[in-house]
Amino acid sequence: MTYTDEEICTQFGEDPHKHNGAVTPPIYQTSLFAFRSFKEFTEAQKLERENYVYSRGVNPTVNILERKLAALEKGEQCKCFSSGMGAISAMFFTLLKSGDHVVLINNIYGATTQLIKYLSKFNISYSFVDHQLTNIHEAIQDNTKLIYVESPGTMLMKVVDLQAIAQLAKSKGIITAIDNTWSTPIFQKPLTLGFNLSIHSLTKYIGGHSDVVGGAVIGDQALVDDIFQYGYQLNGAVLGAHDAYLINRGLRTLPIRLKQHQENALKVIDYLRTKHEIVKIHHPSLEKSQFPFLEKQMKGFSGLLSFELKDANFASVSKFIDALSIFKIGVSWGGFESLVTSPVKDNNEQQLIEEGISPGLIRLSIGLEGAELQINDLEKAYRQL
Ligand SMILES: *Cc1c(COP(=O)(O)O)cnc(C)c1O
């Protein structure tokens, strides 16, 4: 049986008749589940992955979300966490041991970068590489256990050929994982391209309303079961039932929201391209001709983009950002609201240049206020330059 993404988001795995006809399932706000007999209890405990015993295992409200995310990614199993970092750290904790090496590809999220560096205290080593396949080949060692990818990245939005990486890894017996937060499974399904694990910060588009923090790991049953048993249950980054309810509520409108984020972003990009003080725009929609693999890899493009102001520094970046009002200043992205941020600080110009990041880089998360409002706001800021 195959389901469309829209069908999965709206109703997959939900049976109102189990809950007095309620079209939104109840929030199972309970820490434990009671049993009719001691025998039944001991049987359930034998397999906590499948049975409702304790909410640091499985909970019915969380489970609805997990089944939907697994179906969307076309994966066998999903486990949800209390944050994206909860999911990523549980995966590293479970899959890696002393002596292992990890290859991290393409502009990795800041906290993930800090985490893998911190794990060197357990004798886990790492190599960071860019998106060039030849560099990835060179970075692989005999003890490489995991290849971890972001595509698109979330600062310069660069893309990598996921199928090529998955094939290379498979030929060497290396596990592959991707942080798929930028695309969501609506626009990219890495497991269908050969990846073993797909990871999300549910805080971004999937939650979508900037009112909840969550994470997920989806993939092969054996791997996700291991992550459940060790990194999840023992480290305990549990997604609460109420938060799972909120994320499931966000998920119902994910396809239609993403369509609108994309439409607004493409209009904003068309506007930015007319401005000669803006020297570069970073968004994968602009790379389609350069990277033919994108056609197969991505079905659409979300609303996170960045651009570079010409000859900029902290002062001019601040001036531009402070003149915006529809775009709010803040971290995170993927919600209903437009956001602006920049890696530029008053003391890091040299460091940015060394990292290949322009000292005029500004990142926008294009929200749902409408392209006209967004463009007017940007034009107001642009005139300040
Ligand atoms: C936000 C984010 C994370 C971390 O997720 P949290 O839910 O904040 O823990 C991981 N990866 C990417 C790409 C992110 O944007």
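In what follows, every heavy atom counts, from backbone to side chain, and hydrogens, waters and symmetry copies are set aside. First listed ligand is number 1; within each ligand, the first listed atom is number 1.
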Could you identify the single nearest non-hydrogen protein atom to atom 4 (C) of ligand 1 and state the distance to 0.1 Å?
Y109 CE2, 3.5 Å
Ring-ring centroid check Y28 Y52, cutoff 6.0 Å
no
Taking only non-hydrogen atoms of T154 and a 4.0 Å limit, the atoms of ligand 1 in range are 13 (C)
Give the minimum heavy-atom separation between S98 and N123, together with the two atoms involved.
OG-ND2, 3.2 Å
Do any nitrogen or oxygen atoms of S201 lie less than 3.5 angstrom from nitrogen or oxygen atoms of ligand 1?
yes
Identify the heavy atoms of V238 and S82 that sit nearest to each other, and give their distance.
O-CB, 3.2 Å
So for atom NZ, which belongs to K345, do other residues, nucleotides or ligands contribute more than 12 heavy atoms lying within a distance under 6.0 Å?
no
Quick look: W182 vs ligand 1, heavy-atom contacts under 4.0 Å, and the answer is neither
Before signing off on this row, confirm whether G86 and ligand 1 have an N or O atom pair separated by under 3.5 Å.
no
S342 side chain to I362 main-chain N or O, any donor-acceptor pair under 3.5 Å?
no
Ligand 1 atoms nearer than 4.0 angstrom to some heavy atom of M85 are 5 (O), 6 (P), 9 (O)
Can the ring centroids of Y232 and F81 be said to lie less than 6.0 angstrom from one another?
yes
To which protein heavy atom is atom 6 (P) of ligand 1 closest, and what is the distance rounded to 0.1 Å?
G84 N, 3.3 Å
Measure the distance from atom 14 (C) of ligand 1 to every protein heavy atom, then report the residue, atom name and distance (to 0.1 Å) of the closest one.
K204 NZ, 2.9 Å
Before we go on, tell me: are the rings of F33 and F35 under 6.0 Å apart, centre to centre?
no
If I apply the N/O under 3.5 Å rule, does I88 come out as touching ligand 1?
no
At less than 4.0 angstrom from any non-hydrogen atom of G214, what atoms of ligand 1 do you find?
7 (O)
Hey, would you say the W333 and H261 ring centroids sit under 6.0 Å apart?
no
Numbering the atoms of ligand 1 from 1, which are under 4.0 Å from a heavy atom of D179?
10 (C), 11 (N), 12 (C), 13 (C)
Return a yes/no value for W333: is any of its N or O atoms, backbone included, closer than 3.5 angstrom to an N or O of ligand 1?
yes
